[in-house]
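Quick notes on the structure that follows.
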Amino acid sequence: MTGSTAAPFTADDYRARMERASRAAADAGLAGLLVAPGPDLVWLTGYAPTAVTERLTLLVLTADRDPVLVVPTLEAPDAAQAAGAAALTLRDWTDGKDPYALTAGLLAAAGRFGISDNAWAMHLLGLQKSLPGTSYASLTEALPMLRAVKDAAELELMAAAGAAADATFEEIRKVPFGGRRESDVAGDLADLLRRFGHSQVDFTIVASGPNGANPHHEAGDRVMERGDMVVLDFGGLKDGYGSDTSRTVHVGEPTDEERRVHDIVREAQEAGFRAVRPGVPCQEVDRAARAVIADAGYGEYFIHRTGHGIGVTTHEPPYMIEGEEQPLVPGMCFSVEPGIYLPGRFGVRIEDIVTVTEDGGRRLNDTAREMLIVE
């Protein structure tokens, strides 16, 4: 149920991604892209250095030459083993040499380049010193949709990650909540995510009672008891692709008000999902979910965007928020996660990952969205 049958990505897959990225850069008026270690480098080349240090590692993508990975000599053997290595040229540099001068020789002296958001300031400043006529824009600003549209193999991995998160929820609802600390259940969630194939756990939010009114509450020492609403939000990476789901459960029988608020959030989540179809601006998903909550009188208590993109990281563009006019495209994956947060009392959030299809949307999470009672 939680495994993936997708074949590993090949050098041809990574070559196609780098070519696509170079075309996107040119279309955006950029002279090229500079990609430091991080999710963009992994997505483009399959290379993730075992340790990110002060030594410069940088992928250079320009329209006038084949891709070049500038890498420290002592790390070149590992880089050569990356799945995408056959699709690029390695240029290594030794300690004592100037890596910025080496990189400068690959760049247009007055070009404007996109650079990955997590590039170190010292490396950007080093490039600017070597090429004072260049300028730079973050990839999130210049090419926010670079990784947003997933191909069939990526969608299969996304679906497998979602299934693993669903399996985690089905198990966690069986464990005792009452009389245990939030951190105990958070530990259970992390263990279950790993059991179902996650190599990386990014977050395990367990927010009980009044803590549920804080959307990003860190699971703590609060002991849960009967009468508590509990927000569960958890996810991470499985086979390199992200999961992220939220469900809100109740310890013992809920009050009528708690049921009503939960039902409103469930209706809002459904409305957000129903708004998903190709060509619709991202903000319409937010508007659809928000309208349900506002019409029910709880608008001021929905205090975050309706969703965020997900892929090789658990938070990335596009964002389902007012003002985002980027149209939805088949293959995009993002969360739909409205919530209501009543300060000092409780909170409710329901979240699925959704992918855009040719004629609508498809949920990648399928666990019950109704109020569930736990012990």
Side-chain angles (χ1 to χ4, degrees), residues 4-26 30-108 113-120 123-124 126-127 139 143 146-147 149-158 199-200 237-242 311-313 316:
S4 170
T5 58
F9 296 118
T10 67
D12 287 341
D13 294 323
Y14 291 111
R15 180 180 290 108
R17 290 178 185 178
M18 287 187 279
E19 290 174 352
R20 173 175 142 197
S22 292
R23 289 194 301 270
L30 298 171
L33 301 180
L34 307 177
V35 185
D40 291 313
L41 187 64
V42 172
W43 185 76
L44 286 164
T45 69
Y47 179 49
T50 53
V52 179
T53 72
E54 73 284 355
R55 293 183 174 94
L56 179 70
T57 295
L58 199 68
L59 175 67
V60 178
L61 298 178
T62 58
D64 59 345
R65 69 170 69 240
D66 291 337
V68 176
L69 182 63
V70 177
V71 62
T73 299
L74 76 169
E75 295 174 11
D78 287 341
Q81 297 301 311
L88 50 79
T89 299
L90 289 179
R91 295 284 297 274
D92 65 308
W93 61 277
T94 57
D95 287 350
K97 302 294 185 180
D98 183 354
Y100 307 112
L102 169 64
T103 307
L106 305 172
L107 306 178
F113 296 91
I115 188 165
S116 50
D117 295 28
N118 53 344
W120 287 19
H123 296 322
L124 178 57
L127 288 172
L139 282 190
L143 296 175
L146 181 62
R147 302 194 316 258
V149 178
K150 278 65 177 176
D151 62 24
E154 291 181 293
L155 288 173
E156 189 172 343
L157 291 169
M158 289 293 302
S199 60
Q200 177 176 313
L237 298 183
K238 179 183 185 297
D239 296 327
Y241 282 77
V312 294
T313 62
E316 61 187 44

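Not measured: the values here are computed from a predicted model.
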Which heavy atom of [X] sits nearest to which heavy atom of [Y], and what is that distance?
X: P8; Y: D13; value: O-OD2, 4.3 Å
X: Y14; Y: A83; value: CE1-CB, 3.4 Å
X: D92; Y: P72; value: CB-C, 4.4 Å
X: A85; Y: A79; value: CB-O, 3.6 Å
X: A82; Y: T45; value: CB-O, 4.1 Å
X: L237; Y: G311; value: CD2-O, 4.3 Å

message: Checking T62 against D64 for the side chain to side chain donor-acceptor pair (under 3.5 Å) test, could you report, in this order, the C-alpha distance in whole Å, the side-chain angles of both residues, the deciding distance, and whether it holds?
response: CA-CA 6 Å; T62 58; D64 59 345; 2.8 Å; yes
task: Given side-chain contact (heavy atoms from CB on, under 4.5 Å), test L59 with M18 step by step and report yes or no.
output: CA-CA 10 Å; L59 175 67; M18 287 187 279; 4.2 Å; yes
Is there side-chain contact between [X] and [Y], with heavy atoms separated by less than 4.5 Å?
X: L88; Y: L44; answer: no
X: R91; Y: T103; answer: no
X: L58; Y: L127; answer: yes
X: V70; Y: L102; answer: yes
X: V42; Y: V312; answer: no
X: F113; Y: L33; answer: no
X: N118; Y: V52; answer: no
X: V60; Y: L34; answer: yes

field: Main-chain N/O of K238 paired to S199 side chain as donor or acceptor, under 3.5 Å
entry: no
message: Please check: side-chain N/O of E154 versus main-chain N/O of D151, any donor-acceptor pairing under 3.5 Å?
response: yes
Nearest 0.5 Å please: distance from the [atom1] atom of [X] over to the [atom2] atom of [Y].
X: Y241; Y: E156; atom1: OH; atom2: CD; result: 12.0 Å
X: L139; Y: S116; atom1: CG; atom2: OG; result: 5.5 Å
X: E19; Y: D66; atom1: CD; atom2: CG; result: 9.0 Å
X: E316; Y: L146; atom1: CD; atom2: CG; result: 9.5 Å

task: Please assess Y47 against T57 for the test side-chain contact (heavy atoms from CB on, under 4.5 Å), listing each intermediate value before the final yes or no.
output: CA-CA 11 Å; Y47 179 49; T57 295; 4.2 Å; yes
- prompt: Please walk me through it: do T10 and R15 pass side-chain contact (heavy atoms from CB on, under 4.5 Å)?
  reply: CA-CA 9 Å; T10 67; R15 180 180 290 108; over 6 Å; no
Mutual orientation of the aromatic rings belonging to Y100 and H123 [parallel < 30°, tilted 30-60°, perpendicular > 60°]: tilted
query: Among pairs that include at least one residue of residues 30-46, which meet salt bridge (Lys or Arg N to Asp or Glu O under 4.0 Å), considering only residues two or more places apart or in two chains?
result: D40-R147
